Amino acid sequence: MPGVASGVKEPMSIHAIATVLSGQVSLGRRIVVQGWVRTRRDSKAGLSFITLHDGSCFDTLQVIAPVELPNYASEVTHLTTGCALRVTGELVASSGKGQTVELRADHVEVAGWIEDPETYPIAPKPHSFEYLRSVAHLRPRTNSIGAVARVRHALAQAIQRFFHERGYFWVHTPIITASDCEGAGALFQVSTLDRVNPPRTAEGHIDFEQDFFGRETFLTVSGQLNVEAYCLALSKVYTFGPTFRAENSNTSRHLAEFWMVEPETAFADLHTNADLAEALLKFIFQAVLEERTDDLAFFAQRIDKTCIQRLEQVVSSPFERMDYAEAIRILEHANRPFAFPVQWGMDLQSEHERYLAEDYVGRPLILMNYPKEIKSFYMRMNDDNRTVAAMDVLAPGIGEIIGGSQREERLEVLDARLDELGINKTAYNWYRDLRRYGSAPHAGFGLGFERTVSYVTGMSNVRDVIPFPRTPRSADF
RNA sequence: UCCCCAGUAGCUCAGUCGGUAGAGCAGGUGACUGUUAAUCACCGGGUCCGUGGUUCGAGUCCGCGCUGGGGAGCCA
């Protein structure tokens, strides 16, 4: 079973439940399992059934606790949901329905009790995700959030494997940046100055020369600009880490702190870039289909009936690709009213993206070559002088899951764009240097990791696919 | 930030025309049982989000605030 370190000797025959259930432990062996009680049922036949989970896989292990245990009456019959146990016993074939093996305990050690079972926040019953967010430190004990955590891990590992196998180097771009106009939303300030009484300049402004870095600094909104420098040296690189946006966004698709994957490929054009995006999504979806069949089966059963077939379909069929101009023509002829009128030059609204991805093509769609006015300064100008080599991958149900472009590698064109937008060039001198010394065509994109997990699992809110979500007015835990 | 909706037991919710509160689940006790969303009986459990107002009387009507959800914008 993937994710299980088979062959790794654990002390005192301690086994993960995933290992036990995968058939790697032969019947009759005496083993130790450690985990938490999900439910307990007592039988007058002289035993209790304890459903134990340890997070190593979706499924639980049934522990049979016979009345002969010295602490049966004093402890076992008082176990409630959430109690931590260390159980020693013999792995036997189950004589009941619902499981093939079970652990016949000869020793049950309670590592941790539930202080007050009545008010323990995680009951063995369905909870709303809104409620679970309010107990984010305990929600990984639930079926759904536990499954999300394993799928998230599988996707992260698959991403690393995908790039590693293709010769991409993982570059650890900085979290703290001095660039206050990276072109992707508001930034969080980073400062060690006294907030009540900050040092002032003669003009009365805050004197950031006295701040920790000797200048004003922020949390990064993207590793792209930095990773371009490594791209034009190592050819194939990517970043994978947290990123921060101080936007007051209150939606199921936005977080103030989220993870992003940003590959950057030298000597690549927009179409190579789109090929890479498509191959990446297919690879990681295939991986999660193979490695987390248990968790996906749960999502298909309880969260989103179509999630497995959706992944299989994405893996097996080519993405639709179309130019922005073609998308506009399709929208103009769409037999439906839009709240926002359609015309060339406008930015696509959610309703338009949804129509295209969900109704018109019904699977992921790559839109390319947008008007330069609605895209960032670093995107490469096309020969028509009115569009740039940008691309967005739109996923049905999620919307924009990837945004990327071929980068402007020509210094004169880049400078013209910076001037046009009134951006101070000197702040970008190091970035402009990349165009002065051995500049080369290159392209890259950003994949929103939480949106990807959301798409895979069918969990409709990104706040439920990241362990501790940070959103406006919410940074608990 | 804007629009709409919601906030009642540990959780999910009901609460009629304004008359001082109820169910299911969870918890406790017992019965029954190789059980597995177990079943059955009984029991405990409430600052009705906060605040101000209308009223003889407010969970219910009105104002303000807080929190959450859905949608929009921004984007990944």
Side-chain angles (χ1 to χ4, degrees), chain A residues 38-52 59-66 77-78 80-82 92-99 102 104 114 116-135 138 142-143 182-186 221-224 242-262 277 301-302 339-340 347-351 353-354 374-376 392-395 398-404 445-455 460-464 466 471-474 476:
Chain A
R38 190 145 275 152
T39 58
R40 188 202 88 237
R41 295 173 297 278
D42 302 322
S43 168
K44 271 296 179 300
L47 50 107
S48 287
F49 302 96
I50 301 166
T51 303
L52 202 70
D59 290 312
T60 52
L61 179 67
Q62 176 158 281
V63 171
I64 308 298
T77 57
H78 294 94
T80 56
T81 303
V92 298
S94 177
S95 51
K97 291 178 188 126
Q99 61 281 318
E102 60 196 20
R104 181 161 286 274
I114 295 297
D116 179 7
E118 186 175 2
T119 56
Y120 178 55
I122 306 296
K125 51 158 278 178
H127 290 291
S128 68
F129 291 119
E130 293 82 7
Y131 167 70
L132 288 175
R133 270 171 233 152
S134 72
V135 286
L138 300 172
T142 63
N143 275 334
E182 293 186 13
V221 296
S222 165
Q224 180 204 318
T243 193
F244 308 87
R245 307 235 171 129
E247 298 286 356
N248 193 7
S249 298
N250 295 287
T251 81
S252 58
R253 283 156 281 122
H254 289 86
L255 294 163
E257 175 181 317
F258 65 100
W259 282 56
M260 192 155 59
V261 184
E262 296 176 289
Q301 186 196 335
R302 301 295 280 273
F340 293 83
D347 209 350
L348 264 39
Q349 307 292 317
S350 279
E351 56 174 347
E353 295 185 344
R354 281 204 166 149
I374 59 173
K375 289 295 181 181
S376 301
D392 282 354
V393 179
L394 307 179
I398 301 289
E400 187 178 339
I401 194 170
I402 283 177
F445 61 81
L447 168 69
F449 189 54
E450 282 72 26
R451 289 183 183 179
T452 305
V453 181
S454 187
Y455 183 74
S460 56
N461 196 318
V462 290
R463 296 170 193 187
D464 301 319
I466 190 168
T471 54
R473 296 181 308 282
S474 177
D476 299 330

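Sequence lines set the chain letters: A, B, ... in the order given, protein chains first and strands last, and positions in each chain run from 1. No hydrogens, no waters, no symmetry mates; every other heavy atom, side chains included, goes into these values. Note that the coordinates shown come from a computational prediction; the quantities given were computed from them, not determined experimentally.
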Below the 4.0 Å mark, does B/G70 have OP1 or OP2 next to a side-chain nitrogen or oxygen of A/N461?
yes
So does A/S43 get a side-chain nitrogen or oxygen closer than 4.0 Å to the phosphate oxygens (OP1/OP2) of B/G34?
yes
Would you say a side-chain N or O of A/S350 is under 4.0 Å from OP1 or OP2 of B/G73?
yes
Using the C1' atom on both, measure B/G22 against B/U1 and round to a whole Å.
40 Å
Look at A/S128 and B/U12 and indicate whether a side-chain polar atom (N or O) is within less than 4.0 Å of OP1 or OP2.
yes
Hey, are A/K375 and A/D392 close enough for a salt bridge, meaning a charged N less than 4.0 Å from a carboxylate O?
yes
Taking atom P of B/A76 as reference, at what distance in whole Å does atom CD of A/E400 sit?
5 Å
Any strand, both distances under 3.5 Å, Watson-Crick or G-U wobble: B/G28 pairs with B/C42
Let me know the distance between CD of A/E130 and P of B/A6, rounded to the nearest Å.
15 Å
Could you tell me how far B/A58 sits from B/C25 if I compare only their P atoms? Round to whole Å.
34 Å
Please check the phosphate of B/A37 (OP1 and OP2 only) for any side-chain N or O of A/R41 closer than 4.0 Å.
no
Partner of B/A58 under the Watson-Crick or G-U wobble criteria, both distances under 3.5 Å, comes out as none
Rounded to whole angstrom units, what separation is found between the OH atom of A/Y120 and the P atom of B/A26?
15 Å
State, without any angle test, whether A/R38 and A/N143 hold a side-chain donor-acceptor pair at a distance under 3.5 Å.
yes
Determine the Euclidean distance between corresponding C1' atoms of B/G28 and B/G10; express it in Å to zero decimal places.
14 Å
Using a 4.0 Å heavy-atom cut-off, does A/R302 contact any base of the nucleic acid, only the sugar-phosphate backbone, or nothing at all?
nothing
Spacing of A/F258 atom CZ relative to B/C74 atom P, expressed in whole Å:
15 Å
Which nucleotide, if any, forms a Watson-Crick or G-U wobble pair with B/U67, using both distances under 3.5 Å?
B/A6
Between B/C56 and B/G63, how far is it from one C1' atom to the other, in whole Å?
23 Å
Note: for A/R354 and A/S474 on RNA chain B, the residue whose nearest nucleotide lies more 5' is A/S474
Report yes or no: do A/T51 and A/T39 form a side-chain donor-acceptor pair below 3.5 Å?
yes
Measure from the side chain of A/S94, starting at C-beta and using heavy atoms only, and say which of B/A38, B/A76, B/G34 lies closest.
B/G34
Closest to the A/S95 side chain: B/G34, B/G68, B/A76?
B/G34
When you check the phosphate oxygens OP1 and OP2 of B/A72, does a side-chain N or O of A/Q349 lie under 4.0 Å from one of them?
no
Which base sits across from B/U1 as a Watson-Crick or G-U pair, both distances under 3.5 Å?
B/A72
Could you tell me whether the phosphate oxygens of B/G71, OP1 or OP2, come under 4.0 Å of any side-chain nitrogen or oxygen in A/S252?
yes
So what does A/G98 touch, heavy atoms closer than 4.0 Å: a base, only the sugar-phosphate, or nothing?
base
OP1, OP2 of B/A72 versus side-chain N and O of A/R253: anything below 4.0 Å?
yes
